[in-house]
Amino acid sequence: MSEFTAVPGDNLQQLFDSVPAASTIRLAAGVYRQKLKLRTPGLRLIGEGMDKTVIVWDDYALKPDEQGREYNTFRTWTLAVCADGVSMRDLAIANDALHPERKGQEVALTVYGDDFTMEDCRLASTQDTLFLGPLPKDLIARYDGFLTDDLRADRPLRQRFSRCRIEGTVDFIFGCGDAVFDGCEIRSVCDARSIGYAAAPAHALEQTEGFLFRRCSFTAEDSVAPESIYLARPWRDYGLCRFVDCDYGAHIKPAGFDPWNDTRRDRTARFYESPAQPGRVAWVKA
């Protein structure tokens with residue numbers, strides 16, 4: 001297996017594109033301010049710690065591109081993974097655009113690869129921090145010609161996160177991937193709006209895995225108001241989330257779940273929680 005090193009100031013995109021499949025890249029501590037797309041299968045990225053090695057950019061949904069079009073949520077990523085078998089450890093990926101109430105969504109990490117793993121990492125942004133591909137099928141069709149083909153993957157994708165810290169405000173873990181979050185900290189950060197949502201799943205009815213939060217801790221900055229954050233709301237009708245043996249801070253609303261504004265997705269969403277918590281909405285299942 002080939003191994004490479006990088007330090008702040010190096011061109012990571014050039015490195016990603018030039019190394020052989022299944023290589024390891026070790027990232028020295030420091031800030032890498034670059035927008036990146038990873039297309040090399042089996043690549044391993046290893047930093048020096050989630051608070052030491054940071055990849056960061058600042059695109060946002062309402063930003064105009066060179067053609068005067070808005071970036072849209074799905075082009076705001078700091079890092080997009082478009083290859084299978086990629087793994088990351090001991091680093092942070094952030095979008096520091098801030099002020100999503102004025103700028104719109106600000107994605108830090110987008111994953112369109114299968115068998116993706118992340119351990120002991122930090123993902124930091126505000127609205128829509130982590131997107132787990134694929135897109136809902138209606139958006140795959142809608143964005144033909146707008147998003148590149150590698151951002152419109154139409155196949156099952158699996159992701160796993162262990163001991164990671166994921167920070168955001170609204171819908172900050174979202175998408176259609178079959179993802180496991182094991183022992184992660186899901187941290188709500190301050191927002192100008194008075195309400196937030198941790199997860200926004202959009203799974204199709206035929207998917208049976210969805211998002212699994214297992215032994216995760218839902219925490220918040222001191223500035224986040226008590227009982228102001230929902231655990232999840234379904235971005236599409238059959239969004240699927242499971243919460244197993246999780247710990248919840250005082251910022252989590254007793255109801256736990258929202259049906260997505262005034263829709264009737266409480267009839268179709270597939271949300272499960274074990275052990276069941278008092279005060280939850282009637283449509284969450286044990």
Side-chain angles (χ1 to χ4, degrees), residues 8-18 31-40 54-83 86 92-113 123-155 157 166-177 189-197 199-202 233 235-236 260-263:
D10 287 350
N11 186 327
L12 293 185
Q13 188 64 67
Q14 186 177 68
L15 184 59
F16 289 173
D17 291 343
S18 64
V31 176
Y32 300 76
R33 182 165 282 278
Q34 301 174 42
K35 186 179 181 74
L36 301 164
K37 185 181 283 188
L38 197 163
R39 294 166 285 214
T40 303
V54 183
I55 300 171
V56 61
W57 196 248
D58 60 358
D59 281 338
Y60 54 92
L62 299 182
K63 176 181 175 179
D65 67 11
E66 64 280 354
Q67 299 180 46
R69 304 174 300 179
E70 291 182 355
Y71 257 64
N72 173 284
T73 303
F74 301 102
R75 296 195 297 166
T76 64
W77 38 266
T78 295
L79 174 60
V81 175
C82 299
V86 171
I93 302 169
N95 184 319
D96 63 357
L98 301 176
H99 306 294
E101 70 281 0
R102 293 191 283 106
K103 295 180 176 179
Q105 296 86 346
E106 304 165 348
V107 177
L109 176 65
T110 279
V111 183
Y112 288 100
L123 301 175
S125 186
T126 56
Q127 184 168 350
D128 291 15
T129 302
L130 170 62
F131 173 68
L132 299 163
L135 285 166
K137 290 188 181 297
D138 61 307
L139 296 188
I140 291 174
R142 181 188 305 176
Y143 294 137
D144 185 14
F146 179 72
L147 296 179
T148 55
D149 288 347
D150 54 3
L151 302 178
R152 297 174 52 253
D154 187 6
R155 60 192 179 107
L157 299 174
I166 305 169
E167 305 171 1
T169 58
V170 173
D171 303 335
F172 59 96
I173 300 171
F174 72 115
C176 300
V189 299
C190 190
D191 188 76
R193 294 159 290 191
S194 60
I195 194 168
Y197 310 84
R233 62 176 177 169
W235 179 29
R236 290 294 189 274
W260 195 277
N261 301 326
D262 58 354
T263 67

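Predicted, not measured: the structure shown is a model, and the values here were computed from it.
Counting only residues at least two apart or in different chains, salt bridge (Lys or Arg N to Asp or Glu O under 4.0 Å) contacts with residues 65-82 comprise Asp65-Arg69, Asp65-Arg75.
Using modelled atom types, one side-chain atom of Tyr112 and one backbone atom of Leu151 make a donor-acceptor pair closer than 3.5 Å. Within the 3.5 Å criterion, the main-chain N or O of Gln105 finds no donor-acceptor partner in the side chain of Thr73. Of the possible donor and acceptor atoms, one in the side chain of Gln13 sits under 3.5 Å from a partner among the backbone N and O of Lys37. Side-chain atoms of Asn95 come within 3.5 Å of backbone N or O of Val107 as a donor-acceptor pair. Side-chain N or O atoms of Gln34 include none that pairs as donor or acceptor with a backbone N or O of Ile55 at under 3.5 Å. Side-chain atoms of Asn261 do not come within 3.5 Å of backbone N or O of Thr263 as any donor-acceptor pair.
In this structure, OG in Ser125 is found 8.5 Å from CG in Asp96, a value given to the nearest 0.5 Å. With rounding to the nearest 0.5 Å, the separation of CG in Leu130 from OG1 in Thr110 is 8.0 Å. Distance check, rounded to the nearest 0.5 Å: CG of Leu139 to CG of Asp144 gives 12.5 Å. Here CG of Leu157 is found 9.5 Å from CG of Leu132. Values are rounded to the nearest 0.5 Å.
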Given side chain to side chain contact (heavy atoms under 4.5 Å, CB included), test Asp10 with Leu15 step by step and report yes or no.
CA-CA 8 Å; Asp10 287 350; Leu15 184 59; over 6 Å; no
Could you please spell out the steps behind the salt bridge (Lys or Arg N to Asp or Glu O under 4.0 Å) verdict for Asp171 and Arg233?
CA-CA 8 Å; Asp171 303 335; Arg233 62 176 177 169; 2.8 Å; yes
Step by step, work out the side chain to side chain contact (heavy atoms under 4.5 Å, CB included) result for Trp57 and Arg33.
CA-CA 6 Å; Trp57 196 248; Arg33 182 165 282 278; 3.8 Å; yes
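Of the N and O atoms on the side chains of Thr126 and Lys103, not one donor lies less than 3.5 Å from an acceptor on the other residue.
Inter-residue side-chain proximity for Phe16 and Leu79 is flagged as met; some heavy-atom pair is nearer than 4.5 Å. Residues Glu167 and Thr129 fail the side-chain proximity criterion, which asks for heavy atoms closer than 4.5 Å.
Paired with Lys35 under the rule side chain to side chain donor-acceptor pair (under 3.5 Å), one option of Asp58, Thr78, Thr76, Asp59 passes, and it is Asp59.
Scanning all heavy atoms of the two residues, the minimum distance from Ala153 to Pro134 falls at O-CB, 3.2 Å. Taking all atoms of both residues into account, the shortest heavy-atom contact from Ile93 to Ala108 is CG2-O, 3.4 Å. Closest approach of Cys176 and Leu135 over heavy atoms only: SG-C, 3.8 Å.
A search for side chain to side chain contact (heavy atoms under 4.5 Å, CB included) contacts involving Glu101 returns His99, Asp191, Ala192, Arg193, not counting sequence neighbours. For Arg155, the salt bridge (Lys or Arg N to Asp or Glu O under 4.0 Å) test picks out Asp84, with sequence neighbours left out. Taking Asn72 as the reference, Phe74, Tyr143, Phe146 meet the side chain to side chain contact (heavy atoms under 4.5 Å, CB included) condition, with sequence neighbours excluded. Legend: residues meeting ring-ring contact (aromatic ring centres under 6.0 Å, His included) with Phe174, ordered by chain and number and at least two apart, are Phe131, Trp235. Qualifying side chain to side chain contact (heavy atoms under 4.5 Å, CB included) partners for Asp149, counting only residues two or more places apart in sequence or in other chains: Arg152.
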